[in-house]
Amino acid sequence: MATRIDGKAVAASVIDTVKEASKALEQEKGVKPGLTVVLVGEDPASQTYVAAKGRMAKECGFNSEQHTLPAETTQEELMALVDKLNADTSVHGILVQLPLPKHLDSDAVIQAILPEKDVDGLSVVNAGKLATGDLDGGLLSCTPAGAMIFVRQTHGNDLSGLNAVVIGRSNLFGKPMSALLLAHNATVTTAHSRTKDLPAICRNADILVAAVGRPQMVKADWVKPGATVIDVGINRIDAPERGEGKTRLVGDVAYDECEKVASVITPVPGGVGPMTIAMLMANTVTAACRQLGTKPPKF
Ligand code: GUN
């Protein structure tokens with residue numbers, strides 16, 4: 001039976017490091033790290049995520065601010081807010097919650113955020129630094145950065161000789177995850193919806209990372225015996241066994257069968273999920289340290 005990674009515990013230790021660094025920054029410079037989250041519209045899932053980010057930022061000792069704009073906000077209004085936050089020296093990190101309402105151009109907004117304040121790691125400057133192997137100069141996309149902590153805790157920093165397969169090629173996760181694994185010397189395959197014989201590709205993986213958004217797609221016979229399996233999916237499915245109309249969360253990996261084959265596996269919920277917010281806090285304190293001229297902690 002595989003060892004189950006406790007994402008909550010790992011996230012808590014990241015948060016401890018963030019709190020220490022935040023306190024030290026305030027003592028040395030008299031400034032709290034400032035995180036501003038921008039939410040446009042009333043998407044309930046986004047409201048929940050943004051509230052959780054705000055709560056955690058306060059717990060870390062940050063100046064936490066939220067701008068909530070109506071769904072009818074124009075591109076010009078949103079760009080003007082980003083410009084204002086870029087110029088505000090008390091704001092060290094800016095996050096525009098996605099998805100934005102359809103009439104807005106998300107990419108233009110994301111690219112307008114100063115790269116040094118882009119705590120989502122989505123600007124072309126930060127993506128480019130990662131792609132060129134500069135892991136210390138930019139800011140990393142939070143979910144892949146969190147998943148990579150699990151990989152490093154399991155295999156160390158040098159993945160030489162190991163095959164890694166990432167299922168999914170999004171800018172938010174799949175591409176940066178593949179780049180991180182490559183920067184740590186893994187031999188990386190980025191698989192996606194057009195990949196031929198996905199199960200066979202996955203069976204070659206010493207490290208298998210699933211981020212497709214399809215409930216329990218990865219089956220036991222896709223997993224190489226002894227592999228490390230990281231499940232990034234969060235899917236809500238019907239759970240009639242819990243009562244009428246009930247639902248539950250599952251990942252992209254069929255956990256119960258895969259844990260019999262893998263040697264290390266992450267659960268859903270309680271695996272990668274808690275790491276995303278923790279790494280957002282890590283990015284914010286890192287951004288604040290750099291902007292104030294102190295050395296950021298290592299994560
Ligand atoms: N919506 C869902 N995940 C994310 C994320 O990581 N960053 C932002 N900005 N929006 C999201």
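Keep in mind that what you see is a predicted model, and the values were worked out from it rather than measured. Numbering of ligands and ligand atoms starts at 1, following listing order.
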(message) To the closest 0.5 Å, what do you measure between CG (Asn126) and CG (Asp134)?
(response) 9.5 Å
(message) Run the salt bridge (charged side-chain N to carboxylate O under 4.0 Å, His left out) test on Glu241 and Arg248 for me, step by step, so that the C-alpha distance in whole Å, both residues' side-chain angles and the decisive distance to 0.1 Å come before the verdict.
(response) CA-CA 10 Å; Glu241 73 280 5; Arg248 66 187 177 104; 3.4 Å; yes
(request) Could you verify whether a donor N or O on one side chain and an acceptor N or O on the other, from Thr190 and Arg169, lie under 3.5 Å apart? (result) no
(request) Would you tell me whether Asn283 and Thr286 have side-chain atoms, one donor and one acceptor, within less than 3.5 Å of each other? (result) no
(message) For the residue pair Gln66 / Lys53, report whether a side-chain donor-acceptor contact shorter than 3.5 Å exists.
(response) no
(message) As a test of reading the model: which residues have a non-hydrogen atom less than 4.0 Å away from ligand 1?
(response) Leu95, Val96, Gln97, Leu98, Asp120
(request) For the residue pair His155 and Thr228, confirm or rule out a side-chain donor-acceptor distance under 3.5 Å. (result) yes
